[in-house]
Amino acid sequence: MKHLWIAAAILFVLLGGTLGNSQYLTSIIGGYEQQLTRAQQLASRGDWDESERITRQVYADWEKHGFYFHSLLRHVDIDEILLTFHEVQEYLKLEESDQYNAANAKLITQLGLLAEMEQLTLKNIL
Amino acid sequence: MVIAFIRTIILYILIIAGIRLMGKRQVGELEPSELVLSLLIADLAAVPMQDFGIPLLTGVIPILTLLSMTMIFSVLTMRFVRFRILMCGKPSIVVRNGTPDQKEMHRNRFTVDELLEDLRMNGYTDLSKIKYAILETNGQLSVLPYASEKPPSAHQLSVKTHESGLPVILISDGRVLENNLKTSGHDLAWLEEQVNQHHCSSPAHVFLMTVDELGQVKLFPKQTAKEAGA
């Protein structure tokens with residue numbers, strides 16, 4: 001019976017760990033989405049400096065979690081988001097409203113998809 | 001990651017069910033859960049090994065899940081008879097009193113050719129000499145002939161035999177295995193004496209030397225390059 005409990009404990013830890021990871025990722029990404037949406041609102045009002053500051057802050061936080069993202073998520077998705085981050089920051093510097101809005105929307109969608117991919121839903125399992 | 005975990009459990013159970021439905025002949029010498037584990041684990045390990053864009057954990061989590069599931073299934077198989085029958089099936093008697101049980105053979109998708117092949121591998125060509133042939137859960141056929149067809153044992157013939165026991169290797173390719181020498185209750189002096197008695201100058205010239213529980217020594221000297229060539 002000892003083996004049964006050890007195996008059950010491993011499964012329980014794996015389930016707990018993966019569910020915890022899913023929750024953690026959703027909370028981090030949710031925060032990014034909120035901040036990036038706020039940055040876009042500020043830019044539409046003409047406050048480019050504050051918008052750039054918020055975007056840079058989100059990017060710094062993304063970089064800080066680089067090891068976590070790379071060890072748990074597909075690298076190709078992480079690289080695509082990194083490219084879009086750079087794109088958004090460049091449009092912010094140029095204060096190009098249309099391009100910035102499009103790139104920022106793309107970034108928010110990419111981040112949303114990243115979190116959605118880890119959600120325990122029937123759609124994802126199937 | 002949680003998706004990988006859940007998908008692994010679903011696929012593992014599905015493949016085991018598939019293997020069980022395929023019948024005993026497909027299983028070989030492994031139990032269904034062991035076969036599925038060996039089929040899946042190599043593939044799971046290969047993916048993150050070759051694709052550097054996939055995190056290592058993508059392979060590690062399903063492998064740990066599979067190992068744990070297999071462990072749970074093997075414990076449950078040992079403890080619960082019904083679970084064992086569900087997982088491994090039951091042995092099927094395919095020949096009874098010299099007559100093939102066609103219904104049972106059909107149920108196991110076991111052909112006449114396969115039956116005859118397995119009987120030949122067991123040394124029987126005539127079905128009428130077989131009391132029972134049982135298709136085991138691991139796909140092997142156990143053949144039990146009629147008592148009159150069984151070879152007589154030394155006991156039945158009242159022949160006196162000596163148990164020589166398990167031979168212990170003392171010298172392997174010129175190297176003395178000192179642990180085995182000690183276990184067999186001999187020492188180096190005895191060993192060298194035996195080697196000299198068999199016309200070898202030293203243990204280094206012995207290819208294989210064994211001693212059984214009755215103290216009988218078997219020694220094979222090393223062949224020279226010339227002898228080996230011939």
Side-chain angles (χ1 to χ4, degrees), chain A residues 1-30 62-84 110-126, chain B residues 1-17 31-34 36-38 40-41 44-84 86-88:
Chain A
M1 277 314 253
K2 201 176 104 186
H3 288 100
L4 179 73
W5 295 125
I6 292 171
I10 293 172
L11 281 182
F12 188 73
V13 167
L14 286 175
L15 180 65
T18 50
L19 280 174
N21 168 60
S22 169
Q23 284 298 310
Y24 181 61
L25 187 70
T26 308
S27 74
I28 295 180
I29 299 289
W62 168 268
E63 286 280 272
K64 205 173 83 182
H65 288 93
F67 180 78
Y68 165 71
F69 290 133
H70 268 84
S71 19
L72 293 164
L73 302 167
R74 284 192 305 170
H75 297 183
V76 64
D77 297 332
I78 309 295
D79 294 343
E80 267 182 36
I81 289 173
L82 192 74
L83 286 171
T84 317
Q110 282 175 332
L111 287 167
L113 286 174
L114 199 67
E116 197 266 331
M117 207 169 67
E118 284 295 314
Q119 293 294 304
L120 181 58
T121 59
L122 191 63
K123 190 177 88 178
N124 277 339
I125 290 171
L126 299 177
Chain B
M1 290 295 160
V2 73
I3 304 300
F5 176 79
I6 301 287
R7 279 186 173 187
T8 305
I9 292 175
I10 293 171
L11 289 172
Y12 180 66
I13 293 169
L14 257 178
I15 297 172
I16 288 180
E31 294 298 343
S33 59
E34 294 166 344
V36 173
L37 181 74
S38 56
L40 290 181
I41 219 158
L44 280 170
V47 173
M49 205 186 284
Q50 292 172 339
D51 190 343
F52 302 140
I54 295 174
L56 187 63
L57 281 174
T58 311
V60 173
I61 286 180
I63 287 172
L64 281 178
T65 307
L66 278 181
L67 290 174
S68 305
M69 290 287 292
T70 307
M71 182 69 81
I72 288 172
F73 277 23
S74 66
V75 173
L76 293 178
T77 304
M78 273 174 65
R79 288 188 71 86
F80 303 106
V81 178
R82 280 190 180 174
F83 191 76
R84 180 156 61 232
L86 182 74
M87 288 292 289
C88 310

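Treat the numbers as computed from the prediction; the structure is a model and nothing was measured. Chain letters run A, B, ... following the sequence lines, proteins first and then strands; every chain starts at 1.
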A:Leu82 side chain reached by A:Glu63 side chain, heavy atoms, under 4.5 Å: yes
For the pair A:Ser22 (side chain) and A:Glu118 (backbone), establish whether a donor and an acceptor sit closer than 3.5 Å, ignoring hydrogens and angles. yes
Identify which part of A:Leu126 has an atom lying under 4.5 Å from any heavy atom of chain B, answering side chain, backbone, both or neither. backbone
Taking side chain as everything from C-beta outward and backbone as N, CA, C, O, which of these in B:Leu67 sits under 4.5 Å from a heavy atom of chain A? Side chain, backbone, both or neither. neither
In terms of the angle between their ring planes, are B:Phe73 and B:Phe83 parallel, tilted or perpendicular, with boundaries placed at 30° and 60°? perpendicular
Anything under 30° is parallel, anything over 60° is perpendicular, the rest tilted; go ahead and classify A:Tyr68 against A:His65. perpendicular
Using heavy-atom distances under 4.5 Å, tell me whether B:Thr65 contacts chain A through its side chain, its backbone, both, or neither. both
Taking the side chain as every heavy atom from C-beta outward, state whether A:Leu19 and A:Leu120 have any atom pair closer than 4.5 Å. yes
Per-residue tally against chain B (heavy atom, under 4.5 Å) across A:Leu73, A:Val76, A:Leu15, A:Asn21 peaks at A:Leu15
Selection from A:Leu14, A:Ile10, A:Asp77 maximising heavy-atom pairs under 4.5 Å formed with chain B: A:Leu14
Bottom line for A:Ile78: the part with an atom under 4.5 Å from chain B's heavy atoms is neither
Taking side chain as everything from C-beta outward and backbone as N, CA, C, O, which of these in B:Ile3 sits under 4.5 Å from a heavy atom of chain A? Side chain, backbone, both or neither. side chain
Considering only heavy atoms, which portion of B:Ile6 lies under 4.5 Å from any heavy atom of chain A: side chain, backbone, both, or neither? side chain
Under the 3.5 angstrom rule, does the side chain of A:His75 hit a backbone N or O of A:His70 as a donor-acceptor pair? yes
